[in-house]
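All heavy atoms count here, side chains included; hydrogens, waters and symmetry mates do not.
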Amino acid sequence: MVTGAPAARLPLDPEARKVAYRLHFTVNQAVRNSFAVPIIMAFCALITWNDPSFNLGVVWALVVIAIYVARALLLRPGMDLSAIESAPALWARRLDLATGAAGLAVACGPAFLFPAFTDWSRMFLSMLLLSWLAGSMASLGARPALFRLYILLFIGGIAAGWARSDSEGVGEVLLLLLVFALIAATFAARFAVQVASGIDIRFENERLLAELSQAKAAAEESSAAKSRFLAVASHDLRQPLHALTMLNGMLGNARTPERVRELSVQMERASQTLDHLFTSLLDFSRLESGRTTVDIGPFSLAALLRRLEGEYRPRAEAKGLSLVFDGGEVHLESDGQIVERIVRNLLDNAIKFTASGSVQVRAATAGDRFSISVTDTGPGIPERLREAVFKEYFQVETSAAQAGLGLGLAIVRRLAGLIGADLSLTPMRPHGSCFALGFPRNVLCAPPALGAALGAAPPQVSLDGLRVVCIDDDPQVRDAMVTLLAEWKCDAIVAGSLSDALALLADRAPPQAILCDLSLGRGTSGVDVIAALRARFGPLPAAIVTGEAGVEARPDLAQADYPVLMKPVPVPELRGVLESFRGGT
């Protein structure tokens with residue numbers, strides 16, 4: 001007896017599964033229809049009741065019944081689809097051999113006994129056997145080659161019996177048998193096509209059901225993610241806003257410059273926390289919409305790690321942590337900025353969640369893989385949560401010291417996928433976690449010909465006197481821009497609409513640059529405002545500043561010759577844009 005072992009076998013490809021299913025259908029039909037064989041053979045024996053060779057007919061009937069019973073017992077385990085899927089070739093041979101032996105047993109009866117029977121017995125036995133053959137199409141028709149063998153055995157046995165008899169009209173009988181065989185083979189071929197089509201439909205339905213199930217699971221996960229986001233955002237986004245509100249109220253009552261500076265520092269921290277939360281949301285939104293670009297090129301991993309070490313060592317030492325970097329002088333052919341964002345995020349988490357011990361960053365080659373790992377001695381992540389931590393808006397634990405939206409690892413995993421890397425999580429003993437960013441070994445490359453590394457930032461360009469017209473319909477944004485541009489000693493013209501800006505520019509020198517919000521209310525677009533100002537003052541450098549997601553896909557912005565900055569815009573980025581404007585004026 002053959003029993004399947006699904007857990008040990010490799011999964012079949014879709015076409016192999018269809019073949020196995022057709023084989024399973026045939027085996028099922030062959031076993032289920034075997035009950036009819038004893039009835040048919042009983043009629044065969046009765047037909048020869050008055051013939052001298054009746055005893056031989058009974059022996060023949062018993063032999064055929066025994067063989068078909070043995071065939072049914074042999075094939076019965078194959079009624080379990082998993083058994084056939086575990087060894088389809090074995091079951092196909094078993095079915096073919098058992099069916100061939102059974103058909104041969106049937107064929108031997110007429111071939112050897114017909115000469116001793118009367119014409120009446122030969123005729124009725126032929127009709128009975130041909131009816132049996134026609135009915136067998138329901139059992140074997142799904143396997144045309146096997147059914148053709150069955151036809152050959154049945155028709156051949158009957159034809160041999162008639163040919164050996166002394167009956168008149170043997171030629172006509174043989175011709176009719178040939179016609180019957182051709183008709184049966186034709187119908188069997190059509191039946192096989194219908195069975196195959198039915199199986200294809202079944203598998204297509206299974207595929208559609210699987211896709212529907214996946215879509216349902218994705219919708220449920222999306223709903224759960226939104227619920228997690230609302231729960232987290234309602235707390236974590238309000239916390240820094242609440243702190244800013246209280247600090248702002250305290251700032252108005254500050255009596256000394258020292259107290260003002262202290263409150264200012266605290267407000268800066270709260271602002272940075274808020275900026276970090278919104279940046280995480282924007283980063284994830286860009287990844288979700290496929291707007292994150294990848295720039296593959298050689299870069300020095302050692303230089304990247306040295307820069308991160310200088311930045312993170314003070315934070316680690318302030319917590320009493322040992323910070324170890326071990327990268328070697330290697331160069332990678334990848335997107336250096338994305339790799340840095342991933343390692344930076346993992347370092348942030350490691351230092352944030354590790355109370356004592358160490359954090360280690362190592363780069364190493366093992367076999368055909370190269371990896372950058374960040375290992376900590378923190379509390380670790382429970383096994384049941386090791387996959388959940390990569391979901392959107394999921395946090396293992398939350399506290400004021402560990403504020404966040406639970407997007408960091410979700411962003412990191414998606415960024416890793418963009419550069420063809422994978423992100424794995426391994427628990428450490430007795431506690432701690434190791435996150436590893438893995439690449440194929442061919443990511444390693446030779447240093448660039450010019451020996452270029454990630455260079456230092458260029459010196460700032462003076463913005464003194466740069467005439468900037470800034471248009472935004474939000475009064476708070478306008479107030480902040482007035483303060484910021486004044487600090488950079490720009491000559492700022494800040495307005496809430498195009499008409500207000502033109503009125504302010506009426507008695508002043510023409511502007512040298514434009515910063516404009518995208519949506520200015522009442523259907524007014526920043527694109528049209530920039531076009532109007534350029535039409536009046538010439539081809540001024542400009543930039544759109546917006547908080548709307550997905551604007552890069554808009555045709556009017558895709559064809560624009562100016563950058564689109566996403567709110568909240570980091571101050572260094574905004575200054576860099578203005579410096580590029582000054583360089584071009």
Side-chain angles (χ1 to χ4, degrees), residues 1-41 44 60-109 111 129 132-157 181 184-185 187-200 202-203 206:
M1 182 181 296
V2 175
T3 56
R9 70 175 187 272
L10 294 175
L12 300 176
D13 61 73
E15 288 305 315
R17 286 189 64 224
K18 291 180 182 179
V19 172
Y21 196 88
R22 284 195 290 270
L23 179 59
H24 175 254
F25 171 83
T26 303
V27 168
N28 265 270
Q29 293 296 101
V31 173
R32 294 179 187 279
N33 293 333
S34 295
F35 76 91
V37 174
I39 299 174
I40 297 173
M41 294 312 298
C44 289
W60 169 58
L62 293 175
V63 169
V64 171
I65 291 172
I67 291 176
Y68 271 89
V69 169
R71 172 175 173 259
L73 294 175
L74 183 68
L75 298 179
R76 186 175 180 82
M79 297 178 73
D80 180 0
L81 178 60
S82 63
I84 290 182
E85 288 181 336
S86 66
L90 172 64
W91 281 100
R93 288 195 302 271
R94 181 171 292 188
L95 174 65
D96 292 346
L97 291 175
T99 301
L104 183 61
V106 173
C108 287
L129 293 176
W132 181 358
L133 176 62
S136 298
M137 185 169 60
S139 299
L140 304 175
R143 291 177 62 82
L146 180 59
F147 188 63
R148 285 195 293 270
L149 172 64
Y150 214 56
I151 293 174
L152 179 62
L153 291 173
F154 268 64
I155 298 295
F187 274 98
R190 294 177 181 175
F191 180 80
V193 171
Q194 292 176 346
V195 171
S197 176
I199 292 174
D200 288 343
R202 178 190 178 95
F203 274 76
E206 288 182 357

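Expressed to the nearest 0.5 Å, how far CZ of Arg32 lies from CE of Met79 amounts to 3.5 Å. Note that CD1 of Ile84 is 7.0 Å distant from CG of Asn28, once rounded to the nearest 0.5 Å. Note that the CG atom of Leu140 and the CD atom of Gln29 stand 9.5 Å from one another [nearest 0.5 Å].
When the side-chain contact (heavy atoms from CB on, under 4.5 Å) test is applied to Leu104, the partners found at least two apart in sequence or on another chain are Cys108, Leu153. By the side-chain contact (heavy atoms from CB on, under 4.5 Å) test, Phe203 is found to be paired with Arg17, Lys18, Tyr21, Ile199, Glu206, residues two or more places apart in sequence or in another chain being considered. Taking Arg93 as the reference, nothing meets the salt bridge (Lys or Arg N to Asp or Glu O under 4.0 Å) condition, with sequence neighbours excluded. Qualifying side-chain contact (heavy atoms from CB on, under 4.5 Å) partners for Val64, counting only residues two or more places apart in sequence or in other chains: Val37, Met41, Trp60, Tyr68, Ala105, Val106, Trp132. The side-chain hydrogen bond (donor to acceptor under 3.5 Å, both in side chains) search around Ser139 returns Asn33, not counting sequence neighbours. By the side-chain hydrogen bond (donor to acceptor under 3.5 Å, both in side chains) test, Arg22 is found to be paired with no residue, residues two or more places apart in sequence or in another chain being considered.
You'll find the ring centres of Tyr150 and Phe154 inside the 6.0 Å limit.
The shortest heavy-atom contact between Val195 and Ala142 is CG1-CB, 3.8 Å. Taking all atoms of both residues into account, the shortest heavy-atom contact from Ala20 to Leu81 is O-CD1, 4.2 Å. Of all the heavy atoms in Phe147 and Ala188, the pair that sits closest is CD2-CB, 3.2 Å. For the pair Pro88 and Ser86, the tightest heavy-atom approach, listed with the atom from each and the gap, is CD-C, 3.8 Å.
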Show me the donor-acceptor pairs within less than 3.5 Å that the side chains of residues 70-77 make with the rest of the protein, sequence neighbours left out.
unit_1	atom_1	unit_2	atom_2	d
Arg71	NE	Thr99	OG1	3.2
Arg71	NH2	Thr99	OG1	3.3

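Applying the salt bridge (charged side-chain N to carboxylate O under 4.0 Å, His left out) test to every pair with at least one member in residues 142-155, sequence neighbours left out, gives these pairs: Asp96-Arg143.
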